[in-house]
**Student:** 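Can you keep this structure in mind? I'll have questions shortly.
In this text, all values refer to a predicted model and were calculated from it rather than measured experimentally. The figures that follow rest on heavy atoms only: side chains count, while hydrogens, waters and symmetry mates do not. To find a chain, count down the sequence lines: A is the first, B the second, and so on, and within it residues start at 1.
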2 protein chains.
Amino acid sequence: MRMTNQREIILKELQKSRQHLTADELYERVKKFMPRISLATVYRNLETLSEAGIIGKLEISGRQKRFDYDVHVHDHIYCLQCHRVDNIEFGRNLVDHGSITSAQGYRITGYRIEFKGVCASCRKNPPQDKESTHE
Amino acid sequence: MRMTNQREIILKELQKSRQHLTADELYERVKKFMPRISLATVYRNLETLSEAGIIGKLEISGRQKRFDYDVHVHDHIYCLQCHRVDNIEFGRNLVDHGSITSAQGYRITGYRIEFKGVCASCRKNPPQDKESTHE
DNA sequence: CTTAGTGCAAACTGTTTGCAGAGGG
DNA sequence: CCCTCTGCAAACAGTTTGCACTAAG
């Protein structure tokens, strides 16, 4: 894996954001430093970086992919109003690992927990448009 | 909500399948009885039925939507090889409900657990194509 | 009758890909 | 100098929408 200029900027921007950005959010940020970069390059690099285990890929139920600056095992919580995603540390502690190795013929290899709720800033701020609390 | 012919057949087919079908899988099945039905109608009806609480909508991380004949609260397990989805009953028992009401500023309103693994039939049958075990 | 629902085609969103040229090692 | 990576445009998959017509109640 070559460390190209675009690759490096994409990675740095994701890490410094400390957020779970989508490809196009990242594209917007990276464009400020590199106006001619293409969205395809952003997608390709995010894929490459996550395959290399340098970043995480986050597939929250039914929504756009997001990418995670933090690769250690943890769970996520997302806001039903603004769709931001945050890390949650205690998720794994809630689950009794021992009992989950198989069920109805499956060999279970893993699980994910996704919490949902309303984030601090959405709790303060009015939900401006009537249709923001879907799902 | 009118109970149209198409609505009724879509619902019946989903229920009798006892599976978690995607819109186009259902479309293929319904077409056998109603060859002129359109995919858009299937989408619209699945949406309507799930809003009415008659079926469930299943948004498994990063994949196509699936619809659930079973509306009672339960979790899901999906096969990494063939992507089928099954119900899992014991998921909720593993989690200590009490402690999850808030975290880092969020008001938590719910959570979902998604187990992954290899289903019984994929464990028997060879994984024919080399690229079947992605994610 | 009235108005929700339908079929069709076209639009849309998020993502991927083919290609010819550029630049990292 | 080679070959991975890039930018661009076009393709793609899943889903949604505008419209004029149909049918449920």
Side-chain angles (χ1 to χ4, degrees), chain A residues 1-14 20-52 54-68 78 83-85 129 131-132 134-135, chain B residues 1-14 20-52 54-68 78 83-85 131 134-135:
Chain A
M1 187 177 83
R2 290 183 187 166
M3 190 44 72
T4 61
N5 235 295
Q6 17 283 85
R7 192 108 85 203
E8 199 174 351
I9 296 185
I10 289 167
L11 180 57
K12 289 237 173 86
E13 280 301 300
L14 178 60
H20 303 79
L21 301 177
T22 61
D24 54 285
E25 284 166 351
L26 217 23
Y27 172 61
E28 289 307 322
R29 291 175 188 224
V30 170
K31 257 202 307 199
K32 285 174 187 137
F33 303 94
M34 201 172 239
R36 303 197 51 83
I37 198 172
S38 95
L39 180 55
T41 299
V42 176
Y43 272 106
R44 276 187 286 230
N45 278 322
L46 289 170
E47 199 55 42
T48 307
L49 289 165
S50 74
E51 270 167 19
I54 298 170
I55 62 173
K57 182 162 46 163
L58 215 75
E59 310 190 286
I60 287 287
S61 47
R63 304 206 66 81
Q64 225 174 328
K65 282 179 194 156
R66 288 178 179 273
F67 293 86
D68 196 341
Y78 66 93
H83 308 301
R84 67 171 288 148
V85 176
D129 58 342
E131 245 312 89
S132 45
H134 38 179
E135 166 166 32
Chain B
M1 186 177 83
R2 289 182 188 168
M3 189 46 70
T4 61
N5 235 296
Q6 16 283 85
R7 192 109 85 204
E8 198 173 353
I9 296 184
I10 289 168
L11 179 57
K12 289 235 173 90
E13 278 303 300
L14 178 60
H20 303 78
L21 301 176
T22 61
D24 52 285
E25 284 166 352
L26 217 25
Y27 172 59
E28 289 308 322
R29 291 175 188 224
V30 170
K31 257 203 306 200
K32 284 173 188 136
F33 303 94
M34 202 172 238
R36 304 197 51 83
I37 197 172
S38 95
L39 181 55
T41 298
V42 175
Y43 272 106
R44 276 187 286 229
N45 278 321
L46 289 170
E47 199 54 42
T48 307
L49 289 165
S50 75
E51 271 166 21
I54 298 171
I55 63 173
K57 181 161 47 163
L58 215 75
E59 310 190 287
I60 288 287
S61 47
R63 304 206 66 83
Q64 224 175 328
K65 282 178 195 157
R66 289 180 178 271
F67 293 86
D68 197 341
Y78 66 94
H83 307 302
R84 65 173 288 149
V85 175
E131 245 312 89
H134 38 182
E135 169 168 26

**Student:** State which residues pass side chain to side chain donor-acceptor pair (under 3.5 Å) with B:E13; sequence neighbours excluded, sorted by chain then number.
**Tutor:**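 B:E13 satisfies side chain to side chain donor-acceptor pair (under 3.5 Å) with B:K16 only.
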**Student:** Hey, are the side chains of A:R29 and A:L21 touching, using non-hydrogen atoms and a 4.5 Å cut-off?
**Tutor:** yes
**Student:** Could you list the residues that satisfy side chain to side chain contact (heavy atoms under 4.5 Å, CB included) with A:Y27, not counting sequence neighbours?
**Tutor:**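 Counting only residues at least two positions away or on another chain, A:Y27 forms a side chain to side chain contact (heavy atoms under 4.5 Å, CB included) with A:K31, A:I37, A:L39, A:V42.
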**Student:** Applying side chain to side chain contact (heavy atoms under 4.5 Å, CB included), can you list everything that pairs with A:E51, at least two apart in sequence or on another chain?
**Tutor:**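 A:E47.
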**Student:** Please list residues of residues 25-37 of chain A whose heavy atoms come under 4.0 Å from any atom in DNA chain C, ordered by number; otherwise none.
**Tutor:**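 Output list: empty, so none.
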**Student:** When you measure from the side-chain N and O atoms of A:N5 to the phosphate of D:dT6, is any distance below 4.0 Å, counting only OP1 and OP2?
**Tutor:** no
**Student:** Name all residues meeting the side chain to side chain donor-acceptor pair (under 3.5 Å) criterion together with A:E28; count only those two or more places apart in sequence or in a different chain, and write none if there are none.
**Tutor:**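 Here no residue qualifies.
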**Student:** What is the separation between atom CZ on B:R7 and atom P on C:dG7, rounded to the nearest whole Å?
**Tutor:** 12 Å
**Student:** Identify, with sequence neighbours excluded, every residue that meets side chain to side chain contact (heavy atoms under 4.5 Å, CB included) alongside B:R7.
**Tutor:**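 Per chain and number, B:R7 pairs via side chain to side chain contact (heavy atoms under 4.5 Å, CB included) with B:M1, B:M3, B:T4, B:N45, B:T48, B:L49.
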**Student:** Tell me, please, which residues at least two apart from B:R84 pass side chain to side chain contact (heavy atoms under 4.5 Å, CB included).
**Tutor:**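 For B:R84, the residues satisfying side chain to side chain contact (heavy atoms under 4.5 Å, CB included) (neighbours in sequence not counted) are A:Y106, B:C79, B:C82, B:D86, B:C119.
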**Student:** On DNA chain D, check which nucleotide each of B:M3 and A:M1 is closest to and give me the residue with the more 5' one.
**Tutor:** A:M1
**Student:** Scan nucleotides 15-23 of chain C nucleotide by nucleotide, 5' to 3', and note B when protein non-hydrogen atoms come under 4.0 Å of the base, S if they reach only the sugar-phosphate, - if neither.
**Tutor:** BBBB----B
**Student:** With each end axis built from five pairs of C1' atoms, what bend angle do you get for the helix from C:dC1-D:dG25 to C:dG25-D:dC1? Round to 10°.
**Tutor:**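 The end axes of the helix from C:dC1-D:dG25 to C:dG25-D:dC1 are about 40° apart, to the nearest 10°.
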